[in-house]
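Inspection log for the structure reproduced underneath, given as structure tokens.
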Amino acid sequence: MALALNIIILLLEARGLYISFSARKMGNFVFYTQLSNMLCALSCLVFVLMSGSAAAVSLRYLGTVSLVMTFLVTICVLIPMGGDPKDLLLRGNGIYHHVLCPVLCFVSYVFFEAHAGIHMILPSVLLTLAYGLTMLYLNWARKVDGPYPFFRVYRQSAAASVMWVLVLLALIAGLSYGVCLIAR
């Protein structure tokens, strides 16, 4: 079952990434959503090619946690901050990257795959921290605007920027721990 689900996720990721790259080209690399879906696609490919290997297990965990983060930030932050639910969840790459791939990835990892240990929580937090600090710097240097409202350092106070970083790090740490607990 895990192999079939990983192949399905890989095909859905390919479709979503095709839509994304057709529209934004290299601009995709500033979005956590796109990066997490690329990580998921890579993790599914490694799983299909090397099922059961330590690399496959670790990558599937990181891909799963980052997609759960993508799903929850979309539902609990971006939509309440004014994002159009139809655009984010039902149209274009949104149906693939915000809904189908995160849900299928979570189900496959938790119920049908070997699980990474709790030691993988720190790498998931560090990946998200690296992304967040990069985006804050690029916003501060005026190289990028956003792409998410909480990175727009010139449209909010320094305290708000720090608060968002702390909230997002706490969220990824909690999600990472939660996935470990649920998957046991």
Side-chain angles (χ1 to χ4, degrees), residues 9-10 12-46 59-106 122-176:
I9 295 165
L10 191 54
L12 293 171
E13 288 289 6
R15 177 67 181 143
L17 289 169
Y18 174 79
I19 292 168
S20 295
F21 276 93
S22 295
R24 289 191 207 102
K25 313 286 185 254
M26 298 307 284
N28 281 293
F29 292 99
V30 300
F31 289 90
Y32 186 90
T33 295
Q34 305 314 333
L35 295 171
S36 65
N37 277 277
M38 286 181 232
L39 175 60
C40 178
L42 174 65
S43 76
C44 289
L45 180 61
V46 171
L59 282 172
R60 288 293 299 130
Y61 171 78
L62 291 172
T64 300
V65 169
S66 63
L67 283 191
V68 170
M69 176 81 157
T70 294
F71 177 80
L72 290 177
V73 168
T74 301
I75 299 294
C76 300
V77 178
L78 298 178
I79 290 173
M81 290 181 94
D84 183 349
K86 288 180 184 173
D87 283 340
L88 290 171
L89 302 176
L90 302 175
R91 294 187 187 127
N93 72 312
I95 186 74
Y96 302 101
H97 289 166
H98 293 144
V99 181
L100 294 175
C101 292
V103 170
L104 289 175
C105 188
F106 178 81
L122 182 60
S124 69
V125 172
L126 292 177
L127 278 174
T128 300
L129 177 62
Y131 170 78
L133 292 177
T134 300
M135 294 316 302
L136 285 172
Y137 170 76
L138 291 173
N139 273 266
W140 175 80
R142 298 186 187 269
K143 303 278 186 201
V144 172
D145 182 33
Y148 303 107
F150 40 83
F151 288 138
R152 293 186 167 121
V153 296
Y154 291 108
R155 297 185 194 178
Q156 63 189 8
S157 69
S161 294
V162 169
M163 187 262 327
W164 273 112
V165 168
L166 295 175
V167 165
L168 293 171
L169 288 177
L171 178 60
I172 193 69
L175 292 173
S176 298

| Residues F151, W164; criterion side-chain contact (heavy atoms from CB on, under 4.5 Å); working and verdict | CA-CA 8 Å; F151 288 138; W164 273 112; over 6 Å; no
| Chi angles and distances behind the side chain to side chain donor-acceptor pair (under 3.5 Å) call for Y32, T128 | CA-CA 8 Å; Y32 186 90; T128 300; 3.1 Å; yes
| task | Heavy atoms only: give me the nearest R152-N139 pair and the separation to one decimal. | result | CA-OD1, 3.7 Å
| request: Taking all non-hydrogen atoms of both residues into account, name the closest pair between L88 and H98 and its distance. | output: O-ND1, 2.5 Å
| Does any N or O in the side chain of N28 come within less than 3.5 Å of the main-chain N or O of K25, such that one atom is a donor and the other an acceptor? | yes
| message | Ring-plane angle category for F150 and Y148, please: parallel below 30°, perpendicular beyond 60°, tilted otherwise. | response | parallel
| request: Begin with the C-alpha distance, continue with both residues' side-chain angles, and end with the deciding distance and a verdict on side-chain contact (heavy atoms from CB on, under 4.5 Å) for C101 and N37. | output: CA-CA 8 Å; C101 292; N37 277 277; 3.8 Å; yes
| query | So, N93 side chain and I19 main chain: donor-acceptor pair closer than 3.5 Å or not? | reply | no
| So, do F29 and Y131 have ring centers that fall under 6.0 Å from each other? | no
| field | Y18 atom OH, neighbour heavy-atom count above 12 within 6.0 Å | value | no
| Sequence neighbours excluded, which residues qualify as ring pair (Phe, Tyr, Trp, His ring centres under 6.0 Å) partners of Y96? | none
| query | Does R24 count as lying over the ring of F31, i.e. NZ or CZ under 6.0 Å from the six-ring centre, within 45 degrees of the axis? | reply | yes
